[in-house]
Amino acid sequence: MQVYSNKALSQEIIDWPVTMQRALMLAARVMSAAPNPRVGCVIVCAEGIVGEGWHSAAGQPHAEIEALRMAGNAARNATVFVTLEPCAHHGRTGPCADALIAAGVARVVIAGIDPNPAVAGKGIARLEAVGIEVAHLVDFEAAAQSLNRGYFKRRQFGRPWVTCKLAMSIDGRTALANGTSKWITGGEARADVQRLRARSCAIVTGIATVLFDDPSLTVRPAELQLSAEAQQVNALALRRQPLRVILDSKGRVPANARILGDGTGVKVYIGRESQAPSGLPAAVQVLPVAANRQGVDLLSVLESLASDFECNEILVEAGSTLSSAFISAGLVDELIVYIAPKLLGSDARALFEASGLTALTTAPQFELADVERFGNDVRLTLHPQYGKSD
Ligand SMILES: NC(=O)c1ccc[n+]([C@@H]2O[C@H](COP(=O)([O-])OP(=O)(O)OC[C@H]3O[C@@H](n4cnc5c(N)ncnc54)[C@H](OP(=O)(O)O)[C@@H]3O)[C@@H](O)[C@H]2O)c1
């Protein structure tokens, strides 16, 4: 396989970087293709683009197949830009590498190598074995990985990508002393949370939030505020609800909790020594794991979500107790904080439950990755700098 950087490609007739950028844009149109990665594909011949496609949902044709369908005979001798190495195995659909070979393409340009052991390198090898040139556009590797950060994390580390979301007042409070937190932020920020949920494979919450707020934690397509085009592109993906996951070490979840619904897609992690909660809908899955004084073992929960339920990305939507436990354990990949211009007072619940810090240099630190306004609220996207101090 040849490895190319953008700089070396300035003499080419086809603009490789622009075409790969387009393939990445196509892939990103879908909010989630979980448990599969999001992939885009553009097929180009001397006359220009002849085929385009993206993977719209698990079980649907892969991006390469969609693009080949559009290109028809024009795919012969064409160059194929695809954001991830074509698959070489039989999953829910046939191997894309075989379809590209059958279509007679001349060259395949990829942005990233698939970390799935069933694919990694095998798709490339299969193409090269029949004389198809494979080029790796390394400058797009990071973009290809970040597009599928959860898929890469699960395949490489056996755990999902963890986003933790909290809403707080400007004095850093997440609920009133009496527990009320509905609603700290306004409608636009809450629509953004709906979009975070739609991208996630599971929404994880603590039993105290279930008992106090009685949330449903579902995706409600009408509240996503998507454009008509985005609604159409995501129609299949939005048929899937993320799993709803309750961390409930003592098995206290009541049978009439709204989050349980009819039980479909609901997982309750309890301590191994605890009694399973009674009277729950039959479809609810109760999963005993190791537990300690704090609650269930968070690493075991994450590993189970990745291996038992193929979760690529999860969203922690809990109160400060569970959110702080995830942060303190170094298990959060991204922290999203919505700040509402309200003051809740010093007896209200803090954002982060920890005490005893004596030096600012040892305080948990974050890199500010993004700031965006939603109505009257602000969203901070933060990346933890675990192990870093001033
Ligand atoms: N502002 C916001 O963004 C936001 C979001 C959600 C909720 N809230 C508010 O937050 C309040 C509830 O928050 P909370 O902090 O009391 O509860 P929480 O974080 O939702 O849930 C905490 C409970 O989860 C269970 N748990 C299981 N495993 C755990 C572990 N490893 N580490 C920590 N906890 C674990 C524990 O109960 P067991 O020991 O019984 O297992 C624990 O008491 C409510 O007032 C709600 O309105 C605010």
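Indexing begins at 1, ligand by ligand and atom by atom, following the structure's order.
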Among protein heavy atoms, which lies nearest [atom], and at what distance?
atom                    : value
atom 28 (N) of ligand 1 : Val296 N, 3.0 Å
atom 39 (O) of ligand 1 : Lys250 NZ, 2.6 Å
atom 36 (C) of ligand 1 : Ile207 CG2, 4.1 Å

Hits for salt bridge (charged side-chain N to carboxylate O under 4.0 Å, His left out) against Glu273, two or more places apart or cross-chain, chain-then-number order -> none
Could you tell me, atom by atom, which parts of ligand 1 come under 4.0 Å of a heavy atom of Gly179?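 Contacts of ligand 1 toward Gly179, numbered from 1: 44 (C), 45 (O), 46 (C), 47 (O).
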Smallest separation among heavy atoms of Ala255 and Ser278, with atom names: CB-O, 4.0 Å
Decide whether an N or O pair under 3.5 Å exists between [X] and ligand 1.
X      : answer
Ser249 : yes
Leu298 : no
Ile184 : no
Asp248 : no

Does ligand 1 have an atom under 4.0 Å from some heavy atom of Met168?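 Outside the 4.0 Å threshold, so no.
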Does some non-hydrogen atom of Thr205 fall short of 4.0 Å from ligand 1? no
Would you say Arg126's side chain and Pro95's backbone share a donor-acceptor pair under 3.5 angstrom?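 Not a single qualifying donor-acceptor pair exists.
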For [atom], tell me which residue out of [options] has the closest non-hydrogen atom.
atom                    : options                : value
atom 20 (O) of ligand 1 : Thr209, Ile270, Ile336 : Thr209
atom 22 (C) of ligand 1 : Asp297, Val316, Thr321 : Thr321
atom 2 (C) of ligand 1  : Ala208, Ala167, Ala348 : Ala167

Which residue pairs pass the salt bridge (Lys or Arg N to Asp or Glu O under 4.0 Å) test when at least one of the two sits in residues 354-368, sequence neighbours left out? none
Could Asp333 and Arg149 be called an ion pair, given the rule that one side-chain N must be under 4.0 Å from one carboxylate O? no
